[in-house]
2 protein chains.
Amino acid sequence: MNIGEIARRAGVSRSTVSYALSGRRSVSTATRQRIQAVIDEIGYRPNAAARALKEGRTRTLGLVIPPASLRLTDMQLGFVASVVEAAARADLDVLLSPSGGDHDRSFERLISGRRADGIILMEIRLEDERVTRLRHEGIPFVTIGHTAHPHGTCWVDVDYAALVARCVHHLADLGHRSIALLNRSAELVAVGYGPAHRAQAGFAEAVLQRGLTGIELPCPDDAAAGEEWIEQLRDRHPGVTAITTINEASLPGLQRGLERLGIAVPRELSIAGVAARHWAEGFRPQLTAADVPTLEMGAHAVELLLERIAAPAGPPRHLLLAPPISLRDSTGPVHPH
Amino acid sequence: MNIGEIARRAGVSRSTVSYALSGRRSVSTATRQRIQAVIDEIGYRPNAAARALKEGRTRTLGLVIPPASLRLTDMQLGFVASVVEAAARADLDVLLSPSGGDHDRSFERLISGRRADGIILMEIRLEDERVTRLRHEGIPFVTIGHTAHPHGTCWVDVDYAALVARCVHHLADLGHRSIALLNRSAELVAVGYGPAHRAQAGFAEAVLQRGLTGIELPCPDDAAAGEEWIEQLRDRHPGVTAITTINEASLPGLQRGLERLGIAVPRELSIAGVAARHWAEGFRPQLTAADVPTLEMGAHAVELLLERIAAPAGPPRHLLLAPPISLRDSTGPVHPH
DNA sequence: ATCGAAGTTCGAATCGATTCGACATCCGTC
DNA sequence: GACGGATGTCGAATCGATTCGAACTTCGAT
């Protein structure tokens, strides 16, 4: 069903149908009603491709996700869901591109095929070729996470450095003098993954400020690794009385390990972390943590992107979120042995 | 950069550029190379909208996911990721539509705006208006999960009835006489969610066949609920010696509950379920379970859909997967008290 | 030398929408 | 009753690709 068919049945020209629908020129009430009746009867909707071709915009956002081979984390999933929902609220569709790097075919299609009006990138590295590429290409984009050179781009991110530092201060206030950071995996650190780096930095600085002993130990993003991690910590650094973590996926394993080793939380070991509320509340005892507002972040990313599409030349906006730490049951004063 | 610009720079007509790219007519080697050189230089790619308009196909698949308000399960996420990846392998893009029902605006756009060549539906109910709609609209589609009237449509599904039955038989073989089914939530059962219903059916039948006592208890899809569930089971049905489950999300809570109540697995209670390998192996002790092949299912769905797009009138194909049960450590012979 | 087939290229039509300029109609005003 | 300004409608151009028919070249066979 195309616009010509509607026009024919309503006995008007195609342009009149178009104007009746868009309201960009006045159409008499009688004509408009006749057209609407025909449309309702046969269920017409403008062809998206034709409209995109003429208007030069697709009413579609591109969302670049990590390839499926790397199991998506819970947080990444949250971003996808919230971006899609926020876009739907603005009557925009979302096109997914599972791309690791710059030369992925699907990424290329998205960019050079002009399939999206704007793009949201996830899993940003400190040096990210995709960012460079998009910038050069002149396509509006927003990143969830930010690179080492954040000023020229729009992004939304969690302030891992500040949050980890706050955790350290909180623990130090409770009297802990020797604290470990349960970081994301060593691979992620190696490839320059922002959150892992910034957690490291925030940790190091806070530990220095307070004159504490700080141990940073990376850990792969899964439960089994979390279980090993706590064993190793106990063996190699028995003096540690508190840990801070940004590694959600390791939490179930961490919990199992603690139970198996008979380490009481928070009596023998305090834990303060950064995690989605869902993870923090699922931990036993419930985790004192800064709640990462996953759903809001996706919505913010869409919001910034829409602004950027409307005004591509405007100054880039950033959002660095540092949600407050929710005190739950996993932190307490040091307990002498 | 459009095809006209390429043609101008290469000194040929637009049609020649098109033929050089598609290979649908022969183009002399000299000309082809000249065109290719220009394309490489300025990085041209055909405009997706223009191509879609002319060809009548978008090279895009639509994937309808549950709205973000309902937190997506791990398995659903797996489907999304695998569908996107399988589509990318076939050089197709995926458009996401977060739609609960038939009248969602985003669903409407997908259908009547002709934004996708074919559609994959997730979270199918026994009676699903979206299926009816798509069928009526004549758009190729495949469902992950199937309705109560499965013969006319293409789908991929896990044979929950058979798998739960197998679990029951396995447990019966080990001597268990009183078995509980830890089903998905009561709400899902109420809205006619297929897996929950079919698990129920398979359970009931197997229990009947073996002359066992069977108790079906639904449980919300989260950890906290799993913990409550096992408490209630112990209180109300103390004679149960084995459980079978299809509720992955409740597993962490189930485990905590078992530990807290001091119930030893498999000595006092055997567990056999249906779960992604990732969940089964994350359980302690590792779970005897039929491993749901999430990643393959997405790939199969794309495969069926591509077939359907190529031959819309062909007979609908179905895939009912019943992966073998992996024996791990959570099942054992009944142990007399 | 001529013919036909194969190879190569071009121009024009087409897909389905939006939008501009032009024209027709209607109304109130002087 | 002529004029100007809304108001309503239409035809044609346009977006960027693909594809059909036609024309032109080349070359081997007769």
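All of these numbers come straight from a predicted model, not from anything done at the bench. Within every chain, numbering begins at 1; the chains are lettered A, B, ... in the order of the sequence lines, protein sequences first and strands thereafter.
- Judged purely by atom type and a 3.5 angstrom limit, B:Arg133 has no side-chain atom pairing as donor or acceptor with the backbone of B:Asp128.
- Taking atom CG of residue A:Leu21 and atom P of nucleotide C:dT19, one finds them 12 Å apart after rounding to whole Å.
- Listed for the B:Asp117 side chain is a donor-acceptor partner under 3.5 Å among the backbone atoms of B:Thr58.
- In summary, B:Arg59 and B:Asp91 do not engage in a salt bridge, as defined by a charged side-chain N under 4.0 Å from a carboxylate O.
- There is a side-chain donor-acceptor pair under 3.5 Å between B:Arg115 and A:Thr60.
- A straight line from CZ of A:Arg8 to P of C:dG16 spans 14 Å, rounded to a whole angstrom.
- Spacing between atom CG of A:Leu53 and atom C1' of C:dT18 amounts to 10 Å, rounded to whole angstrom units.
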Identify every side-chain donor-acceptor pair in residues 148-156 of chain B under 3.5 Å, counting partners at least two apart or on other chains, and give the distances.
{"unit_1": "B:His149", "atom_1": "NE2", "unit_2": "B:Glu127", "atom_2": "OE1", "d": "3.2"}
{"unit_1": "B:His149", "atom_1": "NE2", "unit_2": "B:Glu127", "atom_2": "OE2", "d": "3.2"}
{"unit_1": "B:Trp155", "atom_1": "NE1", "unit_2": "B:Pro150", "atom_2": "O", "d": "3.0"}

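- Regarding contacts with the backbone of D:dT19, a side-chain N or O of B:Arg24 is found under 4.0 angstrom from either OP1 or OP2.
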Base-contact (B) and sugar-phosphate-only (S) positions in nucleotides 4-12 of chain D, heavy-atom cut-off under 4.0 Å, - elsewhere: ---SSBBB-
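- D:dT19 atom C1' lies 11 Å from atom CD1 of B:Ile3, rounded to whole Å.
- Regarding B:Arg114, its CZ atom lies at a distance of 11 Å from the P atom of C:dA17, rounded to whole Å.
- Checked options A:Ile119, A:Asp104, A:Ile139; the residue passing with A:Leu110 is A:Ile119 (criterion: side chain to side chain contact (heavy atoms under 4.5 Å, CB included)).
- Across the protein-nucleic acid pair, A:Asn47 atom CG and D:dA17 atom C1' stand 14 Å apart, rounded to whole Å.
- Within the 4.0 Å cut-off from OP1 or OP2 of D:dG16, at least one side-chain nitrogen or oxygen of B:Asn2 is found.
- As rounded to whole Å, 13 Å separates atom P of D:dA13 from atom NZ of A:Lys54.
- Evaluation of the side-chain contact (heavy atoms from CB on, under 4.5 Å) rule for B:Leu21 yields B:Ile39, B:Tyr44 as partners, not counting sequence neighbours.
- Heavy-atom nearest nucleotides on DNA chain C were determined for B:Ala50 and for A:Val17, and the one closer to the 5' end corresponds to B:Ala50.
- The separation between B:Tyr44 atom OH and D:dT18 atom P is 6 Å, rounded to whole Å.
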